[in-house]
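Heads up: the structure comes next, in structure tokens.
Order of the sequence lines fixes the chain letters, A, B, ..., with proteins taken first and strands second; residue numbering starts at 1 for each chain. None of these values were measured; they are calculated from a predicted model. In what follows, every heavy atom counts, from backbone to side chain, and hydrogens, waters and symmetry copies are set aside.
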Number of protein chains: 2
Amino acid sequence: MIKVSRINEDEFSVECKKDHRELYGIAYTQNILSGRWKHLILWFLKFNPHRYNEIKTRLGGISQGSLTKQLRELEADGLINRKIYAEVPPRVEYSLTSKGEELIPIIDLMEHFGKKFGDKID
Amino acid sequence: MIKVSRINEDEFSVECKKDHRELYGIAYTQNILSGRWKHLILWFLKFNPHRYNEIKTRLGGISQGSLTKQLRELEADGLINRKIYAEVPPRVEYSLTSKGEELIPIIDLMEHFGKKFGDKID
DNA sequence: CGGCATCCGGTTTGATACTG
DNA sequence: CAGTATCAAACCGGATGCCG
């Protein structure tokens, strides 16, 4: 069995039998991408940095609480940067880290797969 | 907002604004891969067909109920085949469909990413 | 503007017992 | 062997109200 659980902000606990080590990489990646909106947030950031409200507007249905939570988790996993500008009104921009950028090919493949096999919505 | 929900065994309902259509493919793929064990099941089947108990043993910690449910969902989404042999004791083999095989590159990338960035467990 | 704290309800997962 | 059925536990995600 593979069990990946968070100990604190930036540390995972991993339990798995020797036989299953080869599956660990998959479990780890699945773990940091778990969440209703994370794929979409990363995909949106791949083009440019974006502000909090830009992301929220783009995703449409997400609540403030959920968005904040997902952004915090992505940040804790080292996938995005959070930059605060000392202005009034406040401005916060999110951008991909190099680690986060390495997830983009996966998300692009997912988009391609979904376009090929998903229902058409035209 | 993008909302992908299952209407019945083989049909999805998709709600999304025009602006978000480009994100639909991602949401679709995420949807059919949602589940604690699906990535691992697909990855395990990429090499060869396997029997129910082989999968269960391989995954270690999964319960019968959960495994059956995940397999049924994968089958309903057209990702795996279920072949029943009329023997005693019964034998059931699961294998990837061509659609399921197209998910393997994604899962391989996830494995690679996890191996690169995940905690070492040696 | 960009959050945080709290509560609540639906979904998902797992444990257990039983079966063709 | 390969399930089904039932119930309990855990895990989000969303809604709401408040704040610097």
B/S/- contact track for nucleotides 2-7 of chain D, protein heavy atom under 4.0 Å: SBB---
Full working for salt bridge (Lys or Arg N to Asp or Glu O under 4.0 Å) between D108(B) and K46(B): CA-CA 10 Å; D108(B) 282 343; K46(B) 87 170 179 179; 2.8 Å; yes
Atom-pair distance (CG on N31(B); P on dT11(C)), nearest Å: 13 Å
Gap between atoms CD1 and P, on I62(A) and dG2(C) respectively (whole Å): 14 Å
Separation of atom CG in L40(B) from atom P in dT13(C), rounded to whole Å: 12 Å
Relative orientation of the end axes in the helix from dC1(C)-dG20(D) to dG20(C)-dC1(D), expressed as an angle to the nearest 10° (five pairs per end): 50°
Shortest non-hydrogen contact between I32(B) and L103(B), atoms and distance: CD1-CD1, 4.3 Å
Distance, rounded to the nearest Å, where L67(B) contributes CG and dT16(C) contributes P: 18 Å
Separation of dG2(C) P from Y85(A) OH (nearest whole Å): 12 Å
Single-linkage hydrophobic cluster, 4.5 Å side-chain cutoff, I84(A) and I80(A) together: yes
Sugar-phosphate, base or nothing in reach of K69(A), heavy atoms under 4.0 Å: base
Those residues that, when tested against H50(B), pass ring-ring contact (aromatic ring centres under 6.0 Å, His included) (two or more places apart): F44(B)
Distance below 4.0 Å between S66(A) side-chain N/O and dG14(D) OP1 or OP2: yes
Residues forming a side-chain hydrogen bond (donor to acceptor under 3.5 Å, both in side chains) with T68(B), sequence neighbours excluded: Y52(B)
For atom CD of Q30(B) and atom P of dC12(D), their distance in whole Å: 13 Å
Residues E111(B), K115(B); criterion salt bridge (Lys or Arg N to Asp or Glu O under 4.0 Å); working and verdict: CA-CA 6 Å; E111(B) 186 192 1; K115(B) 276 184 177 165; 3.1 Å; yes
Distance, rounded to the nearest Å, where R36(A) contributes CZ and dG10(C) contributes C1': 13 Å
Residues which pass side chain to side chain contact (heavy atoms under 4.5 Å, CB included) with E93(B), listed by chain and number, not counting sequence neighbours: P49(B), R51(B), Y85(B), R91(B)
Rounded interatomic separation in angstrom, taking CD from Q70(B) and P from dG14(C): 8 Å
Pairing residues for E102(B) by the salt bridge (Lys or Arg N to Asp or Glu O under 4.0 Å) criterion, not counting sequence neighbours: K116(A)
Plane angle bin for W43(B) and F47(B) - parallel if under 30°, tilted between 30 and 60°, otherwise perpendicular: perpendicular
